[in-house]
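Shown next, in structure tokens, is the structure this report addresses.
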Amino acid sequence: MIGRDEYAGRMARAADAMAARSIDCLALSAGSDLTYLCGYEAMPLERITLLVIGSYGPPTLLVPELEAPRVDTLDGLFEVRPWADGENMIKVVASALRRACPPAPFIAVSERMWAGVLLGVQDNYRHARFVPAGRIMQPLRIRKSPAELDALRAAAAAVDSVVDTFKSIEWLGRTEAAIAAEIASGLRAAGHERVNFVIVAAGPNGASPHHTPGERVVQPRDAIVVDVGGTVDRYCSDITRVVCVGGADPVVGRAWEDLRGAQEAATGEVQPGVTAASIDRVAREMLGAAGWGENFVHRTGHGIGLDEHEDPYIVDGNDHVLEPGMCFSIEPGIYVPGSFGLRLEDIVAVTDDGVEVLNRVPHDLLVV
Ligand code: ZN
Ligand code: ZN
């Protein structure tokens with residue numbers, strides 16, 4: 001678990017980053033940036049929750065009055081200001097920002113703040129200038145602390161234990177939806193407090209990377225893409241393996257070896273000092289050389305932490321240089337419309353001199 005000292009350190013680093021960028025106030029609405037700094041998980045309601053860290057006064061969490069009993073201030077790390085139904089929400093926010101700021105401030109706001117709230121606040125606070133909070137938060141969150149790495153290792157171990165049960169699941173003759181429901185229960189039983197997604201895509205459905213499990217009944221020789229993830233102590237898991245029922249079709253078997261080679265080569269390139277784009281390039285060039293270039297239709301990976309998808313994105317054009325503590329997926333895929341799909345995904349962490357693969361499940365096709 002992440003403790004009070006870690007949250008206090010994060011708040012202090014946010015304040016330093018604000019000072020370095022001449023930001024007078026940081027205003028974070030419901031979302032993982034807010035959770036990252038103060039540990040509170042706000043519901044994404046129409047009523048606003050807002051963490052305000054400004055030049056004047058202590059950090060303050062505006063919360064809907066009915067949510068206030070859920071807030072733990074971590075021994076006074078921040079103050080709580082409940083606001084009541086019947087108060088004008090926009091005016092509550094504007095006056096909280098004014099109290100925290102010098103005249104004509106620069107205010108960094110959550111990218112995911114409701115547009116209706118931000119537009120209203122801008123109307124009520126004409127001398128403030130607003131910039132995206134990602135300028136402060138992204139550099140803090142992109143490198144994981146030792147406690148966060150432990151949390152991500154625990155999430156990976158939990159999801160690995162679910163994949164280990166795949167060999168005892170009854171696949172043949174059941175619908176994707178029924179199998180997905182069983183796997184979702186397995187994720188909860190393995191310690192996930194939340195199931196974020198369960199993709200079970202059998203046969204030709206595997207060619208749609210984010211297929212919604214449906215009524216297709218699993219047939220002999222189906223290749224089934226199974227991509228699952230959830231949250232353990234707030235940190236996310238995410239893994240993809242492919243199950244083959246009764247043995248793999250020869251074309252699928254050959255494609256899998258190409259995919260496995262690309263995934264493992266891209267993983268082997270991970271180290272401090274290389275760019276995110278260069279990892280993507282390794283996987284893309286290998287699949288291209290094997291004749292699958294047209295069939296690899298997405299980026300190679302995404303960062304992971306409090307969010308399933310966050311920086312750094314392992315994608316062409318992202319020249320962000322990898323540093324120790326960054327965590328992301330490596331998940332190339334091969335998608336042949338009307339025929340089959342394959343994806344192989346692990347979560348990795350950049351270490352001081354290379355890479356740590358957090359998922360430990362072997363890379364073989366899981367023949368059941
Ligand atoms: Zn995934
Ligand atoms: Zn993923």
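A quick note: this is a predicted structure, and the numbers were derived from the prediction, not measured. Only heavy atoms go into these numbers, but all of them, side chains included; no hydrogens, no water, no symmetry mates. Both ligands and their constituent atoms are indexed starting at 1 by order of listing.
- Not counting sequence neighbours, Y313 has no partner by the ring pair (Phe, Tyr, Trp, His ring centres under 6.0 Å) test.
- None of the N, O or S atoms belonging to H309 lies under 2.8 Å away from the Zn ion (ligand 2).
- For the pair R10 and Y7, the distance from NZ or CZ to the six-membered ring centre is under 6.0 Å and the angle to the ring normal is within 45 degrees.
- Between D311 and R143 there is no salt bridge, since none of the side-chain N atoms of the basic residue sits less than 4.0 Å from a carboxylate O of the acidic one.
- The hydrophobic side chain of L149 is isolated, with no ILVMFWY side chain under 4.5 Å apart from it.
- Taking distances strictly below 2.8 Å, the protein N/O/S atoms close to the Zn ion (ligand 1) are D227 OD1, D227 OD2, D238 OD1, E345 OE1.
- Grouping the Ile, Leu, Val, Met, Phe, Trp and Tyr side chains by contacts below 4.5 angstrom, directly or via other members, places V368 apart from W256.
- For F130, there are no ring pair (Phe, Tyr, Trp, His ring centres under 6.0 Å) partners at least two apart in sequence or on another chain.
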